[in-house]
2 protein chains.
Amino acid sequence: MATIGDVARVAGVSRSTVSYALSGKRSISGDTQRRIQAAIAELGFTVNAGARALATAQTMSIGLLSQFHQDEFAPAMLQYIRSVCDAARQLGYDVLFVTDGDGAGAVKRITSSNQVDGVVLLDVTHADPRVAPLRAARQPGALIGLPSDTAGLDVFDLDFGESARMLVDHLYGLGHREIILISPPEHVFERGGAYGWRFRDAAIERAGRYGIRIHPHFGESQQPAIGVNINAVLDARKSATAMIVHNDATVAALPIVLQARGVRVPDDLSVASLYSRDFGRIFSLPYTAVESSPDKLGRLAVQQLVRRILDPDQAGPTVVKFIAPELMDRGSTT
Amino acid sequence: MATIGDVARVAGVSRSTVSYALSGKRSISGDTQRRIQAAIAELGFTVNAGARALATAQTMSIGLLSQFHQDEFAPAMLQYIRSVCDAARQLGYDVLFVTDGDGAGAVKRITSSNQVDGVVLLDVTHADPRVAPLRAARQPGALIGLPSDTAGLDVFDLDFGESARMLVDHLYGLGHREIILISPPEHVFERGGAYGWRFRDAAIERAGRYGIRIHPHFGESQQPAIGVNINAVLDARKSATAMIVHNDATVAALPIVLQARGVRVPDDLSVASLYSRDFGRIFSLPYTAVESSPDKLGRLAVQQLVRRILDPDQAGPTVVKFIAPELMDRGSTT
DNA sequence: CTGAAAGCGCTTACAG
DNA sequence: CTGAAAGCGCTTACAG
């Protein structure tokens, strides 16, 4: 394995000159430049990332923490993972991907050992145990999902309240006066998934303002429970003309469940939901929905994180940014 | 940030003694041990991973290369990613997760810069451009998927030939004499996805031996093309009584497509496929299928990789291991 | 435009 | 049982 010393020897210059030629941090004469390039090519030299990290105190890696709870729907998670990875690479960072069951311990481990320059937390809940250790870390952190205390961390999330209002408005405008709402599973609420109640509370509040009826129910996270649940809800709410589904697992199974029941959309029931374009494609979903924008959220989080890594002072105070929802009309409401 | 020198000073010992206390590589007196532990606790010291890596030439990280081709079905990929991450962590390794479009370049980058101790390649194709740079690397590599040249690398994959034979045998045993086979999309074959032809060729060979008819067709990777395709195939093969689906995207959409067409399974058509238990759960799939065992494959690959990292000599010659398929009867054939 | 030297934070023979 | 010192492969003031 060639080192910078080998390159220096072959090129007949000092190690510092090679280093500067590599970084471009000071000007090098054309001849020296050429000899160094030739030596690098001859030896197949690549800078040792660990040694550079030790000298510069920059690893050029960010940590990405993702957990796979059983009440969560993995395919939706993947959208965020992809966008974070892509954004990181584009900015020159590698991604240390951590899926430990003990998320708080993992945050502590990778930050205190200086394995990463910053950390992105996915699917952050209200009382997320990963948040405190991240706040205590030397490195900056960016969250996707809203914790109770956002101090010292940049937070990005979809505006779930506005999303709910947008969907209620949409259905109200079409004349619906009784709506079923399928929320995330009860476990998600218990675990502190704030997006659950942010959406539900806003929907209820909005419906109340219009004087229309809304029936909130918890969703299920797996088949066949999903089908059983939806059928029970539909049996109990026969006069409802529309359904808002705010749950990935349920909406993914919904076409099957409704077809089996003989419910035609939108003729018998209007359906509106919240998911990403890619998610909809993967599950062949035909529903009008608020775009959940995982690609945008991942990108924003990484960009802000890197900004803060590069210049902690200039990045300014931490932000809590809710991105505006966008309704994709796919004709499943009438 | 406390260093090992700070700990040594506070504990009143030398840095080497602290290091040995940490590693347990030589015995330390009880009293010294205690003073060091106290100093570590007081300072909140954690070993700097980069410095340790530089000194030991071990990063304790492995690279995981995954690509998201548009003709591939991301949810299936996730199964492998999860199992590799879990297995790595269990063995004390972190995962550098790389999704670069330029896979060959990424392999070169992370290996030549010594960012990882070994590399796992996912979804390896026949002429995979990532294989050559990995073979040329200092670090060992483990592949999931079969390349044309396996020299110097450990390879793990499902036995797709045996899987196909198992499914044909199963249907033949139930009396079927004309079978439709949906293979992966044509792009996958062109890209060199060997699992496509390994499965198809074996199925055709087996069917030929029994003297039964089999109609191979390419699948599609997205809706609505999947539905159009399946309908066209069923129109063209009206006398077929069974269908084998060897394509994630198609099988995921199949319940919808068949229900829309009014085809009941297994009454009108027997259906058998190949996917993992988790995948089936996510898509509510009711089909008898060969278990694709992503968890097992990921674990095997990582275990072998780590064995080779720890003792390259003792790990023996590289292996090509096809794991035996297992049929999960879910009652979709008759 | 270039070099010699110190330093990043560890580990590990070598000595005692 | 413990310490002093060299070394891992870089970067970057400091000097000229």
Side-chain angles (χ1 to χ4, degrees), chain A residues 1-37 39-40 43-61 109-117 138-139 310, chain B residues 1-37 39-40 43-61 109-117 138-139 310:
Chain A
M1 204 185 56
T3 72
I4 205 171
D6 299 326
V7 174
R9 194 170 30 71
V10 170
V13 298
S14 73
R15 297 190 309 160
S16 59
T17 299
V18 176
S19 179
Y20 283 116
L22 249 30
S23 67
K25 286 189 181 169
R26 76 181 185 193
S27 45
I28 309 280
S29 76
D31 181 50
T32 303
Q33 186 68 257
R34 243 164 284 130
R35 291 211 314 280
I36 291 175
Q37 291 310 331
I40 287 174
L43 297 169
F45 167 78
T46 310
V47 172
N48 180 304
R52 171 175 281 176
L54 186 57
T56 62
Q58 289 220 348
T59 65
M60 298 309 287
S61 299
R109 180 169 61 80
I110 66 172
T111 56
S112 65
S113 65
N114 263 304
Q115 286 184 88
V116 296
D117 295 336
R138 278 180 291 284
Q139 298 91 335
L310 295 179
Chain B
M1 204 185 55
T3 72
I4 205 171
D6 299 326
V7 175
R9 193 169 31 71
V10 170
V13 298
S14 73
R15 298 191 307 159
S16 59
T17 299
V18 176
S19 178
Y20 283 116
L22 250 28
S23 68
K25 286 190 181 167
R26 75 181 184 193
S27 45
I28 309 281
S29 76
D31 181 51
T32 303
Q33 186 67 260
R34 244 165 283 127
R35 291 211 315 280
I36 291 175
Q37 291 309 331
I40 287 175
L43 298 168
F45 167 79
T46 310
V47 172
N48 180 304
R52 172 174 279 175
L54 186 57
T56 61
Q58 290 221 348
T59 65
M60 298 309 286
S61 299
R109 179 169 61 81
I110 65 171
T111 56
S112 65
S113 64
N114 263 304
Q115 286 185 87
V116 295
D117 295 335
R138 279 180 290 284
Q139 297 91 336
L310 295 179

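Lettering of chains follows the sequences in order, A, B, ..., and the numbering in each one begins at 1.
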Exercise for review: Provide the Watson-Crick or G-U wobble partner of dA4(C), both distances under 3.5 Å; none if there is no partner.
Suggested key: none
Point to revise | Pairing partner of dA13(C) (Watson-Crick or G-U wobble, both distances under 3.5 Å) | key: none
**Study point:** Side chain D117(B), main chain Q58(B), donor-acceptor under 3.5 Å
**Key:** no
Specify the separation, in whole Å, of atom [atom1] of [X] and atom [atom2] of [N].
| X | N | atom1 | atom2 | result |
| --- | --- | --- | --- | --- |
| I4(B) | dA4(D) | CD1 | P | 14 Å |
| R52(A) | dC10(C) | CZ | C1' | 20 Å |
| D6(A) | dC8(D) | CG | C1' | 13 Å |
| I40(B) | dC10(C) | CD1 | C1' | 13 Å |

Check your understanding: What is the nucleic acid contact for T46(B), judged by heavy atoms within less than 4.0 Å: base, sugar-phosphate only, or nothing?
Key -> sugar-phosphate
Study note, to complete from the structure: Between R26(A) and S16(A) the two heavy atoms that sit nearest each other are NH2-OG, 4.2 Å
Practice item. Can you see which heavy atom on Q139(A) is nearest to which on T111(A), and at what distance? Key: NE2-O, 3.0 Å
Point to revise | Within residues 11-20 of chain A, residues whose heavy atoms come under 4.0 Å of DNA chain D | key: R15(A), S16(A), S19(A), Y20(A)
Point to revise | Positions of residues 24-36 of chain A (non-hydrogen atom under 4.0 Å from DNA chain D), listed by number | key: K25(A), R26(A)
